Amino acid sequence: MIDLKQLRENPAKFANGAKAKNVSVDIDRLVALDAERRTVGSQREALRAEQNRIAKESGPLIGKLQGQIKAAQGDAKTALEKQVEELKNKPQALKAQIQELEAKEAALDGPIRELLLQVPLPPDADVPVGSGSEGNIEIKRWNPPPSALLPKGFDTKKSFHDNKGFAPKTHMELVRDLKLCDFERGVKVAGARSYILTGMGMRLHLAVQRYAVDYMAEKHGFSPMSVPTIVREETMVGTGFFPAGREQAYHVEESKRGGGYDLFLTGTGEVGLMGIHMDEILDEAQLPLKYVTVSPCYRREAGAAGKDTAGLYRIHQFDKVEQVVICKADETESRAWHKKMIGFVEELLQSMEIPYRLLQCCTGDLGVKNADMVDIESWMPGRGAALPGGGFSGEFGETHSASRLYDFQCRRLNMRYRAGGAAGKGETVFCHSLNNTVLASPRFLIPLLEVHQNADGSVNVPPVLRKYLGGVEKIQ
RNA sequence: GGAGAGGUGGCCGAGAGGCUGAAGGCGACGGUUUGCUAAACCGUUAUACUGGUUUUGGCCGGUAUCGGGGGUUCGAAUCCCCCCCUCUCCGCCA
């Protein structure tokens, strides 16, 4: 959520931001409604103050008179009763006016909130302008150097055949031949875009996640957390996934069967992690908070019909190791964390010798809540154009996404800290938040299997993963 | 799933229609005392929105908030309704 005060002062900034992000939201209407609301609000407050003043004055008097009435008789009693009546009538007119204004306010609050939740965070000035993913810019590419695992290294500018001396299988062929995944039965059980990981497939899936969690916890000091993946609507709104992404989330309609409220399945562990400190005022000394979780992720993939239908790329349920950082409201610090969080992933990918590139996302591809976003794409030899002699050209596929949100998310979540440390002093400030994938599987198995496959159809296991597979060096 | 008890400031806890943004205690912060520490004593200690003023540090004021929302009332932490949450006992269960 953006700051309504800032919007009031500089509506153009937010209108331009929305435009750059291809988000349509009626800023002018929001500004107008807000102005009206403020007028009505101050009127109501003034009346209310008057009413409180009168109540404070006449209250004790009424009490005293009512005591006297009990003791009084005849004319004296009637006179006292009349006096009380007059005192009571005094604020009556105010009450009616106040109620009228309150109704007006309530009628304005709904639309204001609805609009406010839709206003995106304007992209940072240094984010390249573009209308969609085609406007994203490659800012770095990493190729594995020669090693025991990849004797000639791997150059994504060259064909797979030139790199390894044979035509590669796609991950679909690999998981079929190595019996790592059963798509048919997955679909039988759960419908389209479902799968069952089997045997070594499941073990590999677990191995990469365990490696990723251990790596973040042990090497970078992130606190591992297990968080809910079925959450209340407030948490989805607070983390910024609703209302814009409502169609992407599975909806558990408990209210329809007598429950008090509905629940939603989260599409990322970010929701549970960021929800932890919702409505809290943290100590500045606690910051930055660094959390890592591994959680199932559920996505309806609404609007993606017919896209990437085969294989493990686009599926309704997967598991993801996710990192979030909650830091002070300082742009320099936010930016520094963004770089670091991307660096953690680079190091992780390099340790598994997976070629990747960094993509600076353009304004049109940022999503409502980000000021800046860098995607990390891993090399997937089985994707891309079909080659004449068989196989595919290979292509980068998105495996990670690193977002920088300033206070947009924490404002919605009402997550603040007290500046200046020690309790009592210092003002409260909304925290900044950032998040990045550490590793999402089974999607990550695509580059892992495809890059490290051998001519005989077996797949080499990168050394860093072997301890999670009982020492297995090769899947065959 | 059945039965019951509760939700008050950073924490504990009183309050049961007006004198209550809320006693008291703990903690924290500032100060006094002290050779140091401790103790004692004094003071300060919620959040959001908002008006005025200002030598931009403040200063003075208003509104709202006692789990959330609605209602009764001239007036609600206190009475009524709905919801959320927590705890205890029984049942079931990975």
Side-chain angles (χ1 to χ4, degrees), chain A residues 1-9 33-69 80-110 112-113 116 226 228 230-238 252-264 275-286 296 407 410-431:
Chain A
M1 186 159 61
I2 55 112
D3 186 355
L4 195 50
K5 229 182 276 175
Q6 283 181 30
L7 179 92
R8 211 176 282 147
E9 282 158 15
L33 288 174
D34 171 55
E36 194 184 344
R37 162 73 226 244
R38 282 161 56 78
T39 309
V40 174
S42 62
Q43 285 171 359
R44 196 215 71 226
E45 276 191 15
L47 290 177
R48 197 74 218 235
E50 176 69 6
Q51 191 190 39
N52 284 346
R53 218 201 74 240
I54 294 173
K56 217 165 209 169
E57 265 175 28
S58 57
L61 201 54
I62 291 173
K64 210 198 278 172
L65 289 171
Q66 274 171 341
Q68 288 173 13
I69 288 172
L80 286 168
E81 278 170 350
K82 206 175 158 199
Q83 223 177 321
V84 168
E85 216 36 50
E86 275 166 20
L87 281 171
K88 282 191 178 179
N89 284 341
K90 235 170 155 187
Q92 278 284 29
L94 288 175
K95 197 186 174 189
Q97 286 181 54
I98 289 169
Q99 281 179 336
E100 197 179 310
L101 290 171
E102 277 175 346
K104 239 190 216 174
E105 277 183 307
L108 289 166
D109 280 342
I112 287 175
R113 182 170 167 75
L116 186 58
S226 167
I230 170 167
V231 304
R232 320 171 70 122
E233 185 162 6
E234 291 90 313
T235 315
M236 295 301 278
V237 174
V252 183
E253 296 187 290
E254 281 296 292
S255 61
K256 282 203 172 161
R257 32 142 74 178
Y261 53 94
D262 288 353
L263 291 161
F264 296 85
I276 293 175
H277 297 291
M278 178 165 40
D279 290 321
E280 290 184 23
I281 299 176
L282 303 164
D283 241 329
E284 185 172 356
Q286 287 176 263
D407 64 359
C410 293
R411 186 180 294 278
R412 286 183 177 232
L413 286 164
N414 192 26
M415 188 194 300
R416 294 167 289 171
Y417 69 93
R418 198 176 292 283
K425 299 277 171 230
E427 53 175 356
T428 57
V429 191
F430 290 108
C431 309

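Since this is a predicted model, take the numbers as computed values, not measurements. Chain identifiers are assigned alphabetically (A, B, ...) following the order of the sequence lines, protein sequences preceding nucleic acid strands; residue numbering begins at 1 within each chain.
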On RNA chain B, nearest-nucleotide positions of A:R53 versus A:R8: which is more 5'?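 By nearest-heavy-atom nucleotide position, the 5'-most residue is A:R8.
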
Does A:A46 or A:V429 map to a spot on RNA chain B nearer the 5' end, using the closest nucleotide for each?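 Residue closer to the 5' terminus by nearest nucleotide: A:V429.
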
Under a 4.5 Å cut-off applied to non-hydrogen side-chain atoms, are A:V429 and A:R416 in contact?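 Sidechains of A:R416 and A:V429: no contact.
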
Within the pair [X] and [N], is there a side-chain N or O less than 4.0 Å away from OP1 or OP2?
X: A:R48; N: B:G62; value: no
X: A:S42; N: B:U63; value: no
X: A:Q51; N: B:G75; value: yes
X: A:N52; N: B:G75; value: no
X: A:N414; N: B:A48; value: no
X: A:R416; N: B:A48; value: yes

Taking the [atom1] atom of each, how far is [N] from [M], in whole Å?
N: B:A64; M: B:G68; atom1: C1'; answer: 15 Å
N: B:G25; M: B:G35; atom1: P; answer: 29 Å
N: B:A23; M: B:A77; atom1: P; answer: 15 Å
N: B:C36; M: B:A48; atom1: P; answer: 40 Å
N: B:C29; M: B:G70; atom1: C1'; answer: 41 Å

Can you tell me which nucleotide in [options] comes closest to the side chain of [X]?
X: A:K5; options: B:C84, B:A64, B:C49; value: B:C49
X: A:I281; options: B:U47, B:G75, B:U50; value: B:U47
X: A:R44; options: B:U63, B:G51, B:G75; value: B:U63
X: A:R232; options: B:C85, B:U47, B:A64; value: B:C85
X: A:E45; options: B:A64, B:A48, B:C49; value: B:C49
X: A:Y261; options: B:A46, B:C74, B:C84; value: B:C84

Specify the separation, in whole Å, of atom [atom1] of [X] and atom [atom2] of [N].
X: A:R411; N: B:A48; atom1: CZ; atom2: P; result: 11 Å
X: A:F430; N: B:U47; atom1: CZ; atom2: P; result: 13 Å
X: A:L101; N: B:U50; atom1: CG; atom2: P; result: 18 Å
X: A:K95; N: B:G75; atom1: NZ; atom2: C1'; result: 9 Å
X: A:E102; N: B:U65; atom1: CD; atom2: C1'; result: 14 Å
X: A:Q43; N: B:G62; atom1: CD; atom2: C1'; result: 15 Å
X: A:Q99; N: B:C74; atom1: CD; atom2: P; result: 11 Å
X: A:D279; N: B:A46; atom1: CG; atom2: C1'; result: 15 Å

A:S255 to A:D262 - nearest heavy-atom pair and separation: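 Closest pair (atom of A:S255, atom of A:D262, distance): OG-OD1, 2.6 Å.
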
Quick check: closest heavy atoms across A:L101 and A:V40, and the distance to 0.1 Å?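 The pair with the smallest heavy-atom distance is O-CG1, 3.6 Å.
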
Under 4.0 Å between a Lys/Arg side-chain N and an Asp/Glu carboxylate O for A:R48 and A:E45?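 The answer is no: the pair does not qualify as a salt bridge.
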
A:D34 with A:R8: basic N within carboxylate O range, under 4.0 Å: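 Yes.
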
Quick one: side chain to side chain donor-acceptor pair (under 3.5 Å) partners of A:E105, sequence neighbours excluded?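 Result, side chain to side chain donor-acceptor pair (under 3.5 Å) vs A:E105: A:R37, A:R44.
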
Contacts of type side chain to side chain donor-acceptor pair (under 3.5 Å), residue A:E280, not counting sequence neighbours: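 Per chain and number, A:E280 pairs via side chain to side chain donor-acceptor pair (under 3.5 Å) with A:H277.
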
Pi-cation contact, A:Y261 with A:R232 (under 6.0 Å, within 45°):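 Positive - A:R232 is close enough to the ring of A:Y261 and near enough to its axis.
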
Going from CE on A:M1 to SG on A:C410, what distance comes out if it is rounded to the nearest 0.5 angstrom?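 If I round to the nearest 0.5 Å, the distance is 11.0 Å.
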
Any base atoms under 4.0 Å from A:R37, or only sugar-phosphate, or nothing? Heavy atoms, all strands.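 Touches nothing.
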
Secondary-structure stems for RNA chain B, with pairs counted as Watson-Crick or G-U when both distances are under 3.5 Å and runs at least 3 long: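 For RNA chain B the paired stretches long enough to count as stems (3 pairs minimum) are B:1-7 with B:84-90, B:10-12 with B:24-26, B:27-32 with B:40-45, B:46-53 with B:58-65, B:67-71 with B:79-83.
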
